[in-house]
2 protein chains.
Amino acid sequence: MSNYNCCNIPRVKHWYDERVTNVFDDPRITAVGLLFEAHAGLSARFNAQLEEHGLSAVEFEVITRLARSPGNQLRMTDLAAQTSLSTSGVTRVVDRMERDGLLTRRACPNDRRSSYAVVTAAGMQRLNETLPGHLQMIEQWFTGQLDPDALAALLDGLRRVRDAAHPCATAGSDDVSPEQVAATDNATRRH
Amino acid sequence: MSNYNCCNIPRVKHWYDERVTNVFDDPRITAVGLLFEAHAGLSARFNAQLEEHGLSAVEFEVITRLARSPGNQLRMTDLAAQTSLSTSGVTRVVDRMERDGLLTRRACPNDRRSSYAVVTAAGMQRLNETLPGHLQMIEQWFTGQLDPDALAALLDGLRRVRDAAHPCATAGSDDVSPEQVAATDNATRRH
DNA sequence: CAGTTATAGTTGCTCAAGCAGTCGTTGGGC
DNA sequence: GCCCAACGACTGCTTGAGCAACTATAACTG
């Protein structure tokens with residue numbers, strides 16, 4: 001019963017050793033396990049550092065996405081598309097961050113349905129306080145763990161997986177300049 | 001204001017182009033962006049497939065961890081350690097899955113504080129129905145996206161990052177055989 | 001221009017997860 | 001053997017996020 005060696009699993013490509021005795025030793029399972037655990041580990045590290053500055057991961061992502069956008073602002077919908085939040089989720093995060101003085105809402109002049117979330121001066125300051133440590137964390141736990149070649153290979157592989165799997169969430173404010181689009185590599189682009 | 005070119009960020013190693021005009025173009029940000037988006041993309045794909053079989057991601061992880069363990073069972077605490085759930089979280093997931101007939105609780109004979117979560121026959125069947133498609137998804141959106149060399153490089157990099165960053169959650173039932181431990185690569189091991 | 005449809009944002013409801021506190025059990029120190 | 005600290009599981013409470021319903025505005029169609 002414990003020897004779970006079941007079911008005819010279709011194997012399209014055979015890049016791995018065939019002699020598998022247990023489904024859970026399947027290298028594909030191992031592969032996702034690695035990716036997910038790396039993600040979980042980094043998330044935990046980052047969250048700890050962000051928490052020191054009174055930010056949750058989503059709040060940090062929100063304020064970062066806003067701060068990198070022209071005018072430090074984004075329409076609520078675009079913010080939702082860039083983050084992996086629903087629009088109602090964005091409403092609530094912005095509620096909290098507005099209450100904490102990090103953001104403000106600003107009416108959109110052209111479209112009275114829309115409103116912008118804008119980073120306040122206090123928000124920018126908070127981000128300034130948080131970012132250096134965050135970058136250090138990235139270097140300490142991620143990029144610094146590998147020599148340049150290995151890192152490049154890793155990032156290349158990730159990019160391909162991302163491009164393939166990342167659900168189409170092409171977002172962004174309407175008036176981004178072309179070079180800004182080109183720069184926004186890790187944003188939710190590339191269909 | 002939009003040109004967020006701030007703060008003296010310490011750069012330990014310079015594996016990337018120095019000429020950065022905007023903090024958010026920082027290759028370290030891009031790197032985590034890639035990893036996180038790849039994870040998010042894969043998660044979304046997997047969740048969709050799992051949902052077809054009436055399983056959430058955590059439920060799938062729980063039942064998988066149990067099914068790969070000797071006797072298809074694990075003590076609640078060990079299950080919590082292997083998944084990224086708190087013990088109360090595990091209590092509730094097992095509650096739900098027990099209600100759905102996928103798991104049962106079994107009293108631990110040696111220690112009356114502990115109880116095992118055990119996969120039922122229905123649970124094993126559900127897993128059998130779910131796994132092939134899941135493996136196909138992995139191949140389609142992850143491992144199949146790269147040629148063997150690139151995949152190996154990706155996994156190698158991920159392994160190092162995982163080993164560095166993954167928070168120490170050494171778990172597992174007490175009586176795992178050594179070869180089983182060796183096989184459990186993607187489990188939460190390695191100090 | 002009127003009527004319909006689509007879009008932007010918010011709100012009520014539900015649910016999943018963590019924290020802290022509780023209860024029963026175990027094991028170590030004396 | 002008794003006491004107390006540690007442990008395992010569970011429960012109440014809070015929080016955060018999504019879905020669906022709703023309102024207001026915009027755009028489209030004839």
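First the proteins, then the strands, lettered A, B, ... as listed; each starts at 1. Every heavy atom of this structure was used, including side-chain atoms; hydrogens, water molecules and symmetry mates were not. In this text, all values refer to a predicted model and were calculated from it rather than measured experimentally.
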Practice prompt. Round to a whole Å and report the spacing from CG of A/Asn47 to C1' of C/dA17.
Written response: 14 Å

Discussion item. Tell me whether the rings of B/His39 and A/His39 are parallel (<30°), tilted (30 to 60°) or perpendicular (>60°).
Written reply: parallel

Worksheet entry | Rounded distance (Å) that lies between atom P of D/dC28 and atom CG of A/Asp111 | 12 Å

Worksheet item: Whole Å only: how far is the CD atom of B/Glu51 from the P atom of C/dA16?
Response: 12 Å

Discussion item. Tell me whether the side-chain N/O atoms of B/Arg113 come closer than 4.0 Å to OP1 or OP2 in C/dG27.
Written reply: no

Practice prompt. Look at all strands and tell whether A/Ser115 reaches a base, only sugar-phosphate, or nothing, counting heavy atoms closer than 4.0 Å.
Written response: sugar-phosphate

Worksheet entry | Residue from A/Glu139, A/His53, A/Gln49 passing side-chain contact (heavy atoms from CB on, under 4.5 Å) with A/His134 | A/Gln49

Worksheet item: Within the distance-only criterion (no hydrogens, no angle test), does the side chain of B/Thr120 pair as donor or acceptor with the backbone N or O of B/Gly101 below 3.5 angstrom?
Response: yes

Worksheet item: Within the side chain of B/Gln73, is there an N or O that forms a donor-acceptor pair under 3.5 Å with the backbone of B/Val119?
Response: no

Fill in: Interatomic distance where CG belongs to B/Leu79 and P belongs to C/dA17 [whole Å]
12 Å

Discussion item. Salt bridge check, B/Asp156 against B/Arg160: does any charged N sit closer than 4.0 Å to a carboxylate O?
Written reply: yes

Worksheet entry | B/Arg105 backbone acceptor or donor facing B/Glu98 side chain under 3.5 Å | yes

Practice prompt. Figure out the CZ/P separation between B/Arg112 and C/dG27, and round it to whole Å.
Written response: 12 Å

Worksheet item: Between D/dG8 atom P and B/Leu74 atom CG, what is the distance in whole Å?
Response: 13 Å

Worksheet item: Between atom CG in B/Asp78 and atom C1' in D/dG8, what is the gap in whole Å?
Response: 10 Å

Worksheet item: Looking at residues 85-96 of chain B, who's got a heavy atom less than 4.0 Å off DNA chain D?
Response: B/Ser88, B/Thr91, B/Arg92

Item to complete: Can you sort out the partners of A/Arg126 under side-chain contact (heavy atoms from CB on, under 4.5 Å), two or more places apart, ordered by chain and number?
Response: A/Leu55, A/Leu102, A/Glu129, A/Thr130

Worksheet, complete the sentence: Regarding the side chain of B/Val58, the nearest nucleotide among C/dA17, C/dT26, C/dA8 is C/dA17

Item to complete: Report the distance from atom CD of A/Glu98 to atom C1' of C/dG9, rounded to the nearest whole Å.
Response: 13 Å

Worksheet item: Between A/Arg75 and C/dA8, is there a side-chain N or O to OP1/OP2 distance below 4.0 Å?
Response: yes

Practice prompt. With DNA chain D as reference, determine whether A/Glu59 or A/Pro109 sits nearer its 5' end, using the nearest nucleotide of each.
Written response: A/Glu59

